Protein chains: 2
Amino acid sequence: MDIARITIAPSTASQVHDWLRKRVQRGDLPPGMRISETEVAAAIGISRQPVREAFIRLASDGLAEVRPQRGTYISRISVSAVLSARFIREAVEADLARAVAEAGPRDMLDRMADEIARQHRADEAGNVEEFIDSDDRFHHLLAQAAGQDAVWADLERLKAQMNRLRHLSMRVFDRSFTIGQHQAILDALRQGDPDAAEAAMRTHLRQMLAEVPQMAAAQPDCFTD
Amino acid sequence: MDIARITIAPSTASQVHDWLRKRVQRGDLPPGMRISETEVAAAIGISRQPVREAFIRLASDGLAEVRPQRGTYISRISVSAVLSARFIREAVEADLARAVAEAGPRDMLDRMADEIARQHRADEAGNVEEFIDSDDRFHHLLAQAAGQDAVWADLERLKAQMNRLRHLSMRVFDRSFTIGQHQAILDALRQGDPDAAEAAMRTHLRQMLAEVPQMAAAQPDCFTD
DNA sequence: AGCTCTTTACTTGTATGGAAGTATGGCATA
DNA sequence: TATGCCATACTTCCATACAAGTAAAGAGCT
């Protein structure tokens, strides 16, 4: 018999937190926007307390900023935070790529190829959300192939800022370029060439170095630093 | 004229959070311990609400676990979380070491040498707290020397679990060994040898790979996974 | 003894009222 | 016109009361 999977009903505060976090990451709630405990509570039809606790969690995620007695605001995207998260991602995923090139299970590589195919379809269909999700799964599969699934979970926290930026940039930049880089990484992994895999990954993730200042210059209200 | 540095009085909830976080990291509140909103509030002499909000933040830090209607517990140290944080640190600090070896400012290297001297003194005096603090400053200086101060701030979040473990292990393991590894890293940086610097850093941080399972086996109640 | 139900004493979650602080617009004054 | 004061309408923060759920001890029955 399987272990019964018990699911407890999530608290109101937790649900509000999830709801807000998704809306912030999708850019539905734009950077700099003011949100109010009272307003959100009235809109949902609950008291202020659960909303307040959701705000606290949102602030812990770095997605909101609570200024006492002044108001709560959706965080602007910190350029330096994005760049340092990018630095960390490059270092980590370079090591992951090396590890997989040296001893990666073949079936995981096949699954990565599947994701690239999905990215082609999402690109042609103009489905930005699906493209971003598949992009994430591609990199997640790399971590799993290296036997470091937990590492990806840790990176998720750092990716919070990058995700918001990506929802802006994906409508602007060339997605087929991204797909080509994914393919280059996978090719190197398949050939079992650690140096090539690392180089391809670093090239891929350094793409952001040029894009971030460009995005920040185009929409200065959304950014800080 | 300088910008006036305005400091707002931190909220009660924020102060309680800081207090609890330090106590958890120092091992003062042991893993698995049960804490109660009511008890803490009574001990401090305030109402439950600020304490409750401090608990929420502590849970966001991964240092506590709130089980609805059941109780709140200090998180056990997750072996897999520590190992994945270690993996990330190795990857990041390897890149940092390379960068500094290639183009690191000399004065920062001198400050790193100062820290090693402090570590010798702290070791002889048996001052574990000071040794750990200096150890942190040594690695922080490396990030600053690479012009990536923000990266260290991001790593702080991941180090939360590792810090608790270190307070346990530092009383057990050989500190002079650690100092020797720091010296080896600094020597490679001074010689401007990126490969040697990276190798020394990876060796240093892989030390934990052997220690963590050893610690977990010795004190199973404090760990999970 | 062993099992079942109930009571009771907890826990965290939510609602609400008021306290303290901040920004803003209006008004009097120079 | 420009400046300073002040009432007012917000905001978040804290205290308190109650609701809902859990766990363990104990009574009563088989």
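The chains referred to below are lettered A, B, ... by the order of the sequence lines, with proteins before strands, and numbering in each begins at 1. What you see below is based on every heavy atom in this structure, not just the backbone, and it leaves out hydrogens, waters and symmetry mates. Just so it is clear, the model here is predicted, and its values are computed rather than measured.
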(request) Using atom CD of Gln49(B) as one end and atom C1' of dT16(C) as the other, report the distance to the nearest whole Å. (result) 11 Å
(message) Regarding Ile56(B), tell me which of base, sugar-phosphate or nothing describes its non-hydrogen contacts under 4.0 Å with the strands shown.
(response) nothing
(message) If you assign Arg34(B) and Ile46(A) each to the DNA chain C nucleotide with the nearest heavy atom, which residue ends up on the more 5' nucleotide?
(response) Arg34(B)
(message) As an exercise, state the distance from CZ of Arg23(A) to CG of Asp28(A), rounded to the nearest 0.5 Å.
(response) 4.5 Å
(request) May I ask you to say whether Glu115(A) pairs ionically with Arg111(A), meaning some side-chain N is under 4.0 Å from a carboxylate O? (result) no
(request) Scan residues 60-72 of chain A against DNA chain C and write down, sorted by residue number, each residue with any heavy atom closer than 4.0 Å; if none is found, say none. (result) Gln69(A), Arg70(A)
(message) For the CZ atom on Arg98(B), are there more than 12 heavy atoms of other groups (residues, nucleotides or ligands in this structure) within a distance under 6.0 Å?
(response) yes
(message) For His182(B), run the ring pair (Phe, Tyr, Trp, His ring centres under 6.0 Å) check against Phe177(B), Phe138(B), Phe131(B) and tell me which one passes.
(response) Phe138(B)
(request) State, without any angle test, whether Trp19(A) and Gln15(A) hold a side-chain donor-acceptor pair at a distance under 3.5 Å. (result) no
(message) If you apply the rule side-chain hydrogen bond (donor to acceptor under 3.5 Å, both in side chains), what do you find for Glu65(B) with Ser75(B), and how did you get there?
(response) CA-CA 6 Å; Glu65(B) 185 180 352; Ser75(B) 298; 5.1 Å; no
(request) Tell whether Arg48(A) reaches the base of dG13(C) with its side chain through a donor-acceptor pair below 3.5 angstrom. (result) no
(request) Would you please say whether a donor-acceptor pair under 3.5 Å links the side chains of Glu129(A) and His167(A)? (result) yes
(message) Whole angstroms only, please: what is the CD-C1' distance between Glu53(B) and dT14(C)?
(response) 13 Å
(request) Could you tell me from which nucleotide to which nucleotide of DNA chain D, 5' to 3', there is an atom under 4.0 Å from chain B heavy atoms? (result) dC14(D) to dA23(D)
(message) With a 4.0 Å cutoff (strictly under), does any side-chain N or O of Ser36(B) reach OP1 or OP2 of dT11(C)?
(response) yes
(request) Among Asp61(B), Asp136(B), Asp154(B), find the one that has a salt bridge (charged side-chain N to carboxylate O under 4.0 Å, His left out) with Lys159(B). (result) Asp136(B)
